[in-house]
Number of protein chains: 2
Amino acid sequence: MKQRILIVDDDPGIVAAITPALRAQGYEVSAAHDGETALAAFRQVGPHLVLLDLVMPKLGGIGVCQQIRQQSATPIIVVSVKGAEADIVTALDNGADDYLVKPFRLSELLARIRAVLRRSRAPQPLIQCADLVIDTTRRIVLRQGQPVSLTPIEYAVLAELVAHRNGVVTARQIVQRVWGPQYADATDYVKGVIRRLRVKLEPDPAHPRYIITEPHVGYRFNDASGTVSSPSSP
Amino acid sequence: MKQRILIVDDDPGIVAAITPALRAQGYEVSAAHDGETALAAFRQVGPHLVLLDLVMPKLGGIGVCQQIRQQSATPIIVVSVKGAEADIVTALDNGADDYLVKPFRLSELLARIRAVLRRSRAPQPLIQCADLVIDTTRRIVLRQGQPVSLTPIEYAVLAELVAHRNGVVTARQIVQRVWGPQYADATDYVKGVIRRLRVKLEPDPAHPRYIITEPHVGYRFNDASGTVSSPSSP
DNA sequence: CGGTTTTTTCACTGCTTTTTCACCGCGCCC
DNA sequence: GGGCGCGGTGAAAAAGCAGTGAAAAAACCG
């Protein structure tokens, strides 16, 4: 699935300059030109990353930052002409992940996007959980050492759950990430896939241990045991 | 728990300049002066973050970066005099999380450290109050460590109360925020939800400690203890 | 092209939540 | 003391949601 980037900038020139470069890298790009439409677009598109200008009509970049952070951990890179120490510190302390001063070098922006996305999607190569092993690099799932055959959609949904393991993911989020933003309310799809996943992965599909339903909120991948591979910060 | 930072730089001046500032922020600081000792120190200290210079004897910064990445996901901020596009892109693509060109502003470095640590350590703004813990990002409420299941409306009302904790919120305000402006005088809804919240959250629902009624005004969420959240502002 | 797997659609069921409504108790002011 | 506003209580009706099964449609593969 293509990664989606939302550009928020009131200067159409900037948007026009960046967009094709991002598309060339294989990202899907959408844009908003003021703070309020940015938040609406954010909810609708469910992007994997936000490129955010600071100076904007309606609602400033800092405000957008805070609003997004209240509802999501989606990475944000602020791109602004304001290069003062105070601006940078304020943005970073209000939830931005990186800060780039205009004018910037395109390849640097791309590299910073890669770095931020790499960390946020943190595909820990191996996730082990009782009798399940999920190898995200090979797209393989083992259950009690036996490989489980998953269809592409099943795997994509599982990956989405595992990416936020121990956290709740709404059906809406899953549909947006796996099928695309335009399917946002086709949450029926998820029901079916979740069921098939449970049949294939759960010891007792009727009483799930891994794929837990958080009533009226969404689903949660329950990883009781700590992840064993690739030790992160000790 | 104090967070540990490993500084890797062959210039003792830099180390001497940064170290006290980091200590003042409450970090534990250790240092290494070349690539090889850096890796040894990394394994020994197990830092939460690495500040890495590029030009060094024995093993360059890029090499250190790769080696660290092979064994850990510990965040790395590269700090270097080299400001060329190619250097930045190379560092970021080899596992660095951020890149700061010397000379840098100290407060910017500190802000970038906070930003990177925040993301790597899932910072959850928690509201703690006696035996209640409210995790606003994950939509989870714990009572004496046990998760409490709240319905969407219950959670929304609680969030509204908590947002103005220790201040009074009128029933009218709650209805407007949770149900929408057109429901402004359906204050009956609130009664029911408040009751259910008390049953679920209060030790003695008949004599509320948290969700207090302010007669003829509204409700107030009583947060005796201070809020505990992640260290974001210095 | 035919057969198989996968995805989509839909109707149904049991359960939880939300809404609605009637009533109770308390304090207050006239 | 009786009416009145306000907040708490309880229960039943209505609505919404998740799980299930099964069949149609689409994609895949030889």
Side-chain angles (χ1 to χ4, degrees), chain A residues 1 139 141 147-161 168-180 182-202 204-222, chain B residues 139 141 147-161 168-180 182-202 204-221:
Chain A
M1 184 65 202
R139 300 178 68 94
V141 178
V148 179
S149 117
L150 292 186
T151 71
I153 285 212
E154 284 164 8
Y155 186 84
V157 172
L158 179 64
E160 193 61 31
L161 288 170
V168 187
V169 190
T170 68
R172 203 185 176 77
Q173 282 177 300
I174 296 175
V175 177
Q176 288 197 140
R177 285 287 161 88
V178 175
W179 279 264
Q182 63 274 31
Y183 290 79
D185 359 72
T187 50
D188 264 12
Y189 293 0
V190 180
K191 285 200 306 189
V193 177
I194 290 282
R195 181 162 52 114
R196 279 181 280 147
L197 275 176
R198 293 218 256 236
V199 170
K200 290 187 179 177
L201 300 182
E202 296 280 355
D204 175 8
H207 305 96
R209 286 175 53 194
Y210 306 128
I211 303 175
I212 311 290
T213 301
E214 295 287 350
H216 303 104
V217 187
Y219 298 93
R220 180 170 56 82
F221 189 90
N222 187 28
Chain B
R139 271 183 85 101
V141 178
V148 179
S149 117
L150 292 186
T151 72
I153 286 212
E154 284 165 7
Y155 186 86
V157 171
L158 178 63
E160 192 62 24
L161 288 171
V168 188
V169 190
T170 69
R172 204 183 177 78
Q173 279 179 298
I174 295 176
V175 177
Q176 289 198 37
R177 280 300 195 96
V178 175
W179 279 264
Q182 63 273 33
Y183 289 79
D185 16 56
T187 51
D188 264 12
Y189 293 179
V190 180
K191 286 201 305 189
V193 177
I194 291 283
R195 180 164 54 112
R196 277 181 280 149
L197 275 176
R198 281 181 176 153
V199 170
K200 289 186 179 177
L201 300 182
E202 296 280 356
D204 176 8
H207 305 95
R209 284 174 55 193
Y210 306 128
I211 303 175
I212 311 290
T213 303
E214 295 288 349
H216 308 276
V217 191
Y219 299 92
R220 179 169 56 83
F221 188 89

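Heavy-atom basis, side chains included; hydrogens, waters and symmetry copies ignored. Sequence lines set the chain letters: A, B, ... in the order given, protein chains first and strands last, and positions in each chain run from 1.
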Summarise protein proximity over nucleotides 15-22 of chain D in one line of letters, 5' to 3': B for base, S for sugar-phosphate only, - for none, counting protein heavy atoms closer than 4.0 Å. --SSBBB-

Results of side chain to side chain donor-acceptor pair (under 3.5 Å) for [X] - residues two or more places apart only:
X: A/D204; answer: A/H207
X: A/Y155; answer: none
X: A/K191; answer: none

Applying side chain to side chain contact (heavy atoms under 4.5 Å, CB included), name anything that partners [X], two or more places apart in sequence or on another chain.
X: A/T213; result: A/R198, A/Y219
X: A/R209; result: A/A130, A/E202, A/P203
X: A/Q173; result: A/V169, A/T170

Residues in salt bridge (Lys or Arg N to Asp or Glu O under 4.0 Å) contact with A/E214, at least two apart in sequence or another chain: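 Expected list: A/R220.
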
Give the first and the last nucleotide of DNA chain C, reading 5' to 3', that has any atom under 4.0 Å from a heavy atom of chain B.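 Reading along DNA chain C, I get C/dT17 to C/dT20.
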
Closer to the 5' end of DNA chain C via nearest nucleotide, is it B/Y189 or B/K200?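 Between the two, 5'-proximity favours B/K200.
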
How close or far is atom C1' of D/dA25 from atom CD1 of A/I153, stated in whole angstroms?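 Nearest whole value for this atom pair: 14 Å.
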
With a 4.5 Å heavy-atom cut-off, do B/L161 and B/I174 have their side chains touching?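 Yes, side chains in contact.
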
